[in-house]
Each structure stands twice: as structure tokens, then as C-alpha cells.
Amino acid sequence: MPTVLITGANRGIGLQYARTYGRDGWRVHACCRHPDKAKALREDCGGEVVLHRLDVTDGLRVQGLAREMSDEPIDLLINNAGMMGPRDGFGHTDYNAWMDALQANALAPMRMAEAFVGSMRASERKVIVNMSSKMGSIGSNQKSNAHIYRTSKTALNMVTKCQANALGPEGFTVICFHPGWVQTEMGGPEAEISVEQSVAGMRNVIAKLDASDNGKFFNYDGEELPW
Ligand SMILES: NC(=O)c1ccc[n+]([C@@H]2O[C@H](COP(=O)([O-])OP(=O)(O)OC[C@H]3O[C@@H](n4cnc5c(N)ncnc54)[C@H](OP(=O)(O)O)[C@@H]3O)[C@@H](O)[C@H]2O)c1
């Protein structure tokens, strides 16, 4: 049975990944900051779902969890946890909030990959998925708002490329996704697609990945996106 580890699995896109992989018989390691409050995660997910307390910006905890799980191969790591931060534009930058966003959105996915690479090497699939955003694309950006979030996802895109270059020779496939504009707390109720549509699309892409996809940036429907 394949194994997936998901960060930020208590709500939104992360919860839907946990639900659907769990129902399909995968072993799911669902990480979140407050497992005691993660009612939907505890109650809605079928199959074998193991909850772990994890703030992805807590380096010691990330390393501790990786040590606790070191005997178990991990086929798929989904670096999903993320935050928006203040969306104010030029002239209104909150530099502390910017550091927080970089920690959660860009540094943590590298921290997770470095901590869990041993468990992933022991697996069959060796796939890392970083949940990025079109808002991190330099090539397609026409706006000046939300530079805190945008730059953190741009950094994540480069993290993805560097991970792909480092791990591709060992048989890993590392990609990043724009999940669509999705109806979650982050995306809001006016967003274009449901979590069901977004995650079904991304799971379809993940299921078909091969070595030639290493280092690519995909939309949830499989279209390749500009950096
Ligand atoms: N929704 C969209 O339209 C959209 C578009 C593009 C990209 N994305 C990306 O897709 C991913 C999931 O988004 P979403 O829409 O599901 O967002 P969401 O509903 O706001 O959920 C964010 C998740 O990340 C967790 N999280 C935040 N900081 C964390 C930390 N330091 N440690 C551990 N968990 C942390 C949250 O946990 P708590 O409940 O504890 O806060 C929550 O589980 C994010 O990376 C986001 O940037 C979303």
C-alpha cells in the first residue's frame, strides 16, 4: 500500500488530499498544528490515517517527526501547508509577516524534503509535490498586490527546481502545482473551483507522473505553467 505524508491536512486542500487518498486505501500521515481540533480529519477520512502534530516552521519538530517515522517508506510527500499573509501592496510592507510567509511557504518545503528524504529513498514512487501558486509566477504577473505571498511562492518554485535537480538522479520526481483558485478559507467562497475538483485534477496528474516531469510547474488540470 503506498504511503503519503501531507502537511496542513486539517482543512482545505490538504484535508481533501487526506480524505481521498485515505478512502483509496493509501496509508496517510496527516500532519497539522492542532490534531486535537482536527475533527473533520479524524472523522471523515476512511482507511489508515495517522495524525501527527506538526507546525512546519518548527525545525526541531520536523526533524523529530522524521526520526519517529524513519522506519517507514514514504512514497509521496505533499508540502501543502501555506499562508497568505497581508495582501497590501507597495508602501505597506509588514516585514515580520513577510518572514513568516517565507518560513511557511518556501523554507518549510525544503526542511520537510531534507528531513524525510531517507524515508522517501526507501519508497517505490519517490514523489514530492510542492503546493505553489500562479501568484508566484514571474512570467505571468501583471499586478503589484500581495507581494508577500507572491515572493514566497516564487521562492518555492525555485526550491522545487533545486530539489528536482538534486534528487532527480536518484529517481525522484519533484513538481509544484497551482491548485486553481479554490473554495477554501484561503481562496474564499467566490473562488472558481471546489476542493473536490482541484484535488481530483492534481491526483490525476500525480498518478501519471514520470521522470520526464521532474522539475515542472503544473496547473491542477495538468497544463504546464510558465515560471
Ligand atoms: N485556495 C486557493 O485558491 C489556492 C490557490 C493557490 C495556491 N494555494 C495553496 O494551496 C495550499 C493549501 O491552500 P488552502 O486553500 O487549502 O489553504 P487554507 O484553507 O488556508 O489551509 C491552509 C492550511 O495550511 C496550514 N498551515 C499554515 N501554516 C502552517 C504551519 N506553519 N504549519 C503547519 N500547517 C500550517 C493551515 O493550518 P491551520 O488550520 O493550523 O491554520 C491549514 O491546514 C497552500 O499552500 C496555498 O498557498 C491555494
Side-chain angles (χ1 to χ4, degrees), residues 5-20 28-42 44-45 51-62 64-65 77-87 96-112 115 128-137 140-141 143 145-146 148-157 159-160 175-199 201-203 205-206 217-221 223 225:
L5 188 156
I6 306 160
T7 63
N10 57 306
R11 60 184 165 98
I13 292 167
L15 175 61
Q16 183 65 11
Y17 271 127
R19 269 190 187 127
T20 57
V28 178
H29 289 285
C31 303
C32 58
R33 288 191 275 203
H34 306 289
D36 40 315
K37 294 185 192 154
K39 193 166 177 285
L41 187 54
R42 281 200 312 271
D44 288 7
C45 298
L51 271 66
H52 303 278
R53 180 181 302 277
L54 183 68
D55 180 328
V56 293
T57 64
D58 180 344
L60 284 178
R61 178 64 192 131
V62 169
L65 183 61
L77 166 64
I78 304 181
N79 283 313
N80 166 76
M83 57 174 285
M84 173 63 70
R87 298 177 64 104
N96 289 327
W98 200 351
M99 291 303 293
D100 291 344
L102 286 167
Q103 285 283 353
N105 295 352
L107 275 63
M110 184 59 102
R111 210 187 274 293
M112 289 294 295
I128 300 177
V129 168
N130 292 325
M131 294 301 300
S132 184
S133 169
K134 239 178 179 167
M135 287 178 74
S137 163
S140 60
N141 186 28
K143 296 186 178 169
N145 72 328
I148 286 180
Y149 182 71
R150 288 179 191 282
T151 55
S152 69
K153 293 297 190 182
T154 309
L156 176 59
N157 288 354
V159 162
T160 303
I175 63 155
C176 53
F177 269 128
H178 171 61
W181 182 21
V182 191
Q183 291 148 10
T184 62
E185 275 187 51
M186 185 182 290
E190 306 301 318
E192 282 167 0
I193 59 169
S194 65
V195 279
E196 287 82 2
Q197 284 171 283
S198 171
V199 170
M202 291 187 288
R203 284 199 46 190
V205 176
I206 293 168
F217 182 19
F218 287 111
N219 197 25
Y220 76 97
D221 61 5
E223 179 200 352
L225 294 172

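We count ligands from 1, going down the list as the structure has it; atoms in each ligand are counted the same way. All residue numbers refer to positions in the sequence shown, counting from 1.
- To the nearest 0.5 Å, atoms OG1 (Thr160) and CZ (Phe217) are separated by 8.5 Å.
- The CG atom of Leu51 sits 9.0 Å away from the CG atom of Asn10 when rounded to the nearest 0.5 Å.
- Of the options Ala81, Gly136, Gly12, the smallest heavy-atom separation from atom 26 (N) of ligand 1 is shown by Ala81.
- A donor-acceptor pair is defined here as one N or O able to donate and one able to accept, closer than 3.5 Å; no such pair exists between the side chain of Arg87 and the backbone of Asn145.
- Looking only at heavy atoms of the protein, atom 32 (N) of ligand 1 is closest to Val56 N, 3.0 Å.
- For Ser152 against Ala101, the heavy-atom pair with the smallest separation is CB-O, 3.8 Å.
- Comparing Pro179, Ser133, Ala101 by heavy-atom distance to atom 8 (N) of ligand 1, the nearest is Pro179.
- Shown in contact with Thr57 at under 4.0 Å from a heavy atom are these atoms of ligand 1, numbered in order with element: 31 (N).
- Counting atoms of ligand 1 from 1 in the listed order, those under 4.0 Å from a heavy atom of Ser132 are 6 (C), 7 (C), 8 (N), 9 (C).
- Each of the atoms 19 (O) of ligand 1 lies under 4.0 Å from some heavy atom of Glu185.
- When heavy-atom distances to ligand 1 are checked against a 4.0 Å cut-off, Gln183 has no atom that comes that close, whether in backbone or side chain.
- With rounding to the nearest 0.5 Å, the separation of CG in Asn96 from CD1 in Ile148 is 9.5 Å.
- Considering backbone and side-chain N/O atoms, Tyr149 comes within less than 3.5 Å of an N/O atom of ligand 1.
- No side-chain donor-acceptor contact under 3.5 Å links Arg150 to the backbone of Asn141.
- Residue contacts with ligand 1 do not include Met83, since none of its heavy atoms lies under 4.0 Å from the ligand.
- Using a 4.0 Å cut-off to heavy atoms of Gly187, the atoms of ligand 1 that qualify are 1 (N), 3 (O).
- Here's the thing with Ile13: one of its N/O atoms is less than 3.5 angstrom from an N/O atom of ligand 1.
- Looking at heavy atoms from C-beta onward, Gln16 lies out of side-chain contact with Thr184 at the 4.5 angstrom threshold.
- Protein heavy atom in closest approach to atom 3 (O) of ligand 1: Val182 N, 2.8 Å.
- Annotation: side chain to side chain donor-acceptor pair (under 3.5 Å) contacts of Arg53 (sequence neighbours excluded): Asp36.
- If you take CD1 on Ile13 and CD on Gln183, they are separated by 11.0 Å, rounding to the nearest 0.5 Å.
- Using a non-hydrogen distance threshold of 4.0 Å, Met84 does not register as a contact of ligand 1.
- Taking only non-hydrogen atoms, the option from Gly82, Ala104, Gly8 nearest to atom 27 (C) of ligand 1 is Gly82.
- Not one N or O on the side chain of Asn130 forms a donor-acceptor pair closer than 3.5 Å with the backbone of Ser132.
- Among Asn80, Val195, Thr184, Asp58, the residue whose heavy atom lies closest to atom 11 (C) of ligand 1 is Asn80.
- Nearest protein neighbour of atom 36 (C) of ligand 1, counting heavy atoms only, is Arg11 NH2, 3.7 Å.
- Considering only non-hydrogen protein atoms, atom 5 (C) of ligand 1 sits nearest to Gly180 O, 3.3 Å.
- Checking only distances, Asn10 does come within under 3.5 Å of ligand 1, N or O to N or O.
- Nearest non-hydrogen protein atom to atom 17 (O) of ligand 1 is Met186 CB, 3.5 Å.
- Note on ligand 1: Ala108 sits outside its first shell, no heavy atom being nearer than 4.0 Å.
- Those atoms of ligand 1 that come under 4.0 Å of a heavy atom in Trp181, given as number and element, are 3 (O).
- Taking CZ from Arg11 and CG from Leu41, the interatomic distance works out to 12.5 Å, rounded to the nearest 0.5 Å.
- Contact between Asn157 and Cys176 at its shortest, heavy atoms only, is OD1-SG, 3.5 Å.
- Judged by distance alone, the side chain of Asn80 and the main-chain N or O of Met131 form no donor-acceptor pair under 3.5 Å.
- Ranking protein heavy atoms by distance to atom 28 (N) of ligand 1, first place goes to Arg33 NH2, 3.4 Å.
- Close contacts between ligand 1 and Asp55 involve ligand atoms 30 (C), 31 (N), 32 (N), 33 (C) [criterion: under 4.0 Å to a heavy atom].
- Side-chain contact between Leu156 and Pro109: present, with at least one pair of heavy atoms (C-beta onward) separated by less than 4.5 Å.
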